[in-house]
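Read the structure below first, then the notes.
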Amino acid sequence: MSTPSPKLRLSVLDQSPVPAGFTPSDALANSLSLAQHVDTLGYTRLWYSEHHAMDLLACTAPEILITRAAATTSRIRVGSGGIMLPHYAPLKIAEVFRTLHAMFPNRIDLGIGRAPGGGQLEAYALRRSRDAAQKDDFPQQLAELRAFLHPERWSQYADARGPHPFSKIRVAPDAPGAPDLWLLGSSMWSAVTAAQEGLPYAFAHFFSPIQTRQAIEHYQRNFIPSPDRAKPEATLAIGVICAPTQQEADHLHASVRLLQRRIRMDDRRPVATPDDALRELSEQPTAPNPLLSFTAGSLDQPEAEFPRYIVGTPEKVRDELLHIAHELEINELIINTITHSHEARLRSYTLLAEAMGLASIA
């Protein structure tokens, strides 16, 4: 495993949370405001998630937000965190992200995952085929996507019958280079696959923190070099709320605590204000609906080595992030911050950037 550099890189995961009392359009406008903000603060990359049919999150089409955000920023890398590949044909994803790469050279990340990004009904509606039970063909999709992004790799898929038929397809626009491909996940399956395929790997710790160390260490120890990476490159996405005082940070965090409880009940309403959240949290909790499947990552305080959300003053948050990076021997963390107040979210990223000594620009 590699040793982390003294300078820890920080990046951003934006899920376009919708605050109660505001509209999804407001949430998307907030996302573009945040993009410009973190670009000036010195964050390394900005990723947008893909979620479907939720009042809580407005980001259903990351590629659209990527286009707008990249056009209004100058130095931050912009990408998906991630595109849920099972819903789409690899060729179409390659065309979309090759277009983005041609428009914004060397600034586009293509993070992919295999989670549905919604419930079972939404996953069924998004299926490429509904004729029969859809098999898990993610490995084949991943292979096709990589070859569409790097056509010279089609040769490894030739067999006794000859070249792969898709090798005849010319993916346009054919600009030099390609978007940077990442594999995302929250389980050992993704860690094993990323290591075997020689891809950079991002673990969704804020969503499911139980296997974080196991997944990261397996990836680092079993990484097989590939044309995409000569050495392992791992990161994890973690929740953060930073405020001038611990008391204020804890108050802001109430919105996320309620959000997590609601998700367990399959309740995807918009982000409550801290005061409303505290009132609801103080009420007698309702027992989980036994007819609903349990949602991973939805408990307030799961038993895990590292917290899903780090909440506190800039100094406290900085020290805890540095500790996690040191323990896992990684050089980058992706910060996910959800608050009801957009101004509080902007300030949280500002305070953290200052505490970490990121290179901001005027």
Test side chain to side chain contact (heavy atoms under 4.5 Å, CB included) applied to I338 and R345, step by step: CA-CA 7 Å; I338 294 179; R345 189 159 69 132; 5.8 Å; no
Nearest-0.5 Å distance, OH of residue Y157 to CZ of residue F166: 12.5 Å
Between R114 and W189, is NZ or CZ placed under 6.0 angstrom from the six-membered ring centre and within 45° of the ring axis? yes
Y48 and S16: side chain donor to acceptor below 3.5 Å: no
What verdict does the salt bridge (charged side-chain N to carboxylate O under 4.0 Å, His left out) test give for R268 and D55, after you've listed the backbone C-alpha separation in whole Å, the side-chain angles of each residue and the deciding distance to 0.1 Å? CA-CA 6 Å; R268 268 85 171 168; D55 293 335; over 6 Å; no
Any link between L28 and L346 through a network of hydrophobic side chains (Ile, Leu, Val, Met, Phe, Trp, Tyr) touching at under 4.5 Å? yes
Apply salt bridge (charged side-chain N to carboxylate O under 4.0 Å, His left out) to the pair R279 and D275, showing each step before the final yes or no. CA-CA 6 Å; R279 278 192 291 271; D275 290 339; 5.6 Å; no
Verdict with reasoning, R261 to E280, per salt bridge (charged side-chain N to carboxylate O under 4.0 Å, His left out): CA-CA 10 Å; R261 177 178 293 183; E280 189 170 331; over 6 Å; no
Scanning both residues in full, the closest heavy-atom pair of A178 with R98 reads CB-NH2, 3.9 Å
Decide yes or no on side chain to side chain donor-acceptor pair (under 3.5 Å) for W47 and D109, but give the supporting numbers first. CA-CA 8 Å; W47 285 356; D109 294 332; 3.0 Å; yes
Pairwise distance CG(N30) to CD(E343) - rounded to 0.5 angstrom: 7.5 Å
Do the side chains of R77 and D39 get close enough for a salt bridge, i.e. N-O under 4.0 angstrom? no
When rounded to the nearest 0.5 Å, the distance separating CG of D319 from NE2 of H326 is 13.0 Å
Which of H205, M188, H218 passes side chain to side chain contact (heavy atoms under 4.5 Å, CB included) with Q211? Answer is M188
Flag yes if I335 and L322 sit in one hydrophobic cluster, no otherwise; membership is Ile, Leu, Val, Met, Phe, Trp, Tyr, and two members link when side-chain heavy atoms are under 4.5 Å apart. yes
Taken to the nearest 0.5 Å, the spacing of E354 CD from L351 CG works out to 6.0 Å
Rounded to the nearest 0.5 Å, how far does CZ of R308 lie from CZ of F206? 9.0 Å
Checking salt bridge (charged side-chain N to carboxylate O under 4.0 Å, His left out) for the pair E248/R347: CA distance, chi angles, key distance, verdict? CA-CA 12 Å; E248 183 179 355; R347 184 185 60 178; 2.3 Å; yes
State, to 0.1 Å, how close I216 and F203 come at their nearest heavy-atom pair, and which atoms those are. CD1-CB, 4.0 Å
When D180 is tested against each of R107, R146, R229 for salt bridge (charged side-chain N to carboxylate O under 4.0 Å, His left out), which residue passes? R229
Please determine whether ring pair (Phe, Tyr, Trp, His ring centres under 6.0 Å) holds for the pair Y43 and Y349, giving the CA-CA distance in whole Å, both sets of side-chain angles, and the decisive distance to 0.1 Å. CA-CA 9 Å; Y43 286 85; Y349 280 109; 5.6 Å; yes
Modelled atom types, side-chain donor and acceptor of T350 and H37, under 3.5 Å: yes
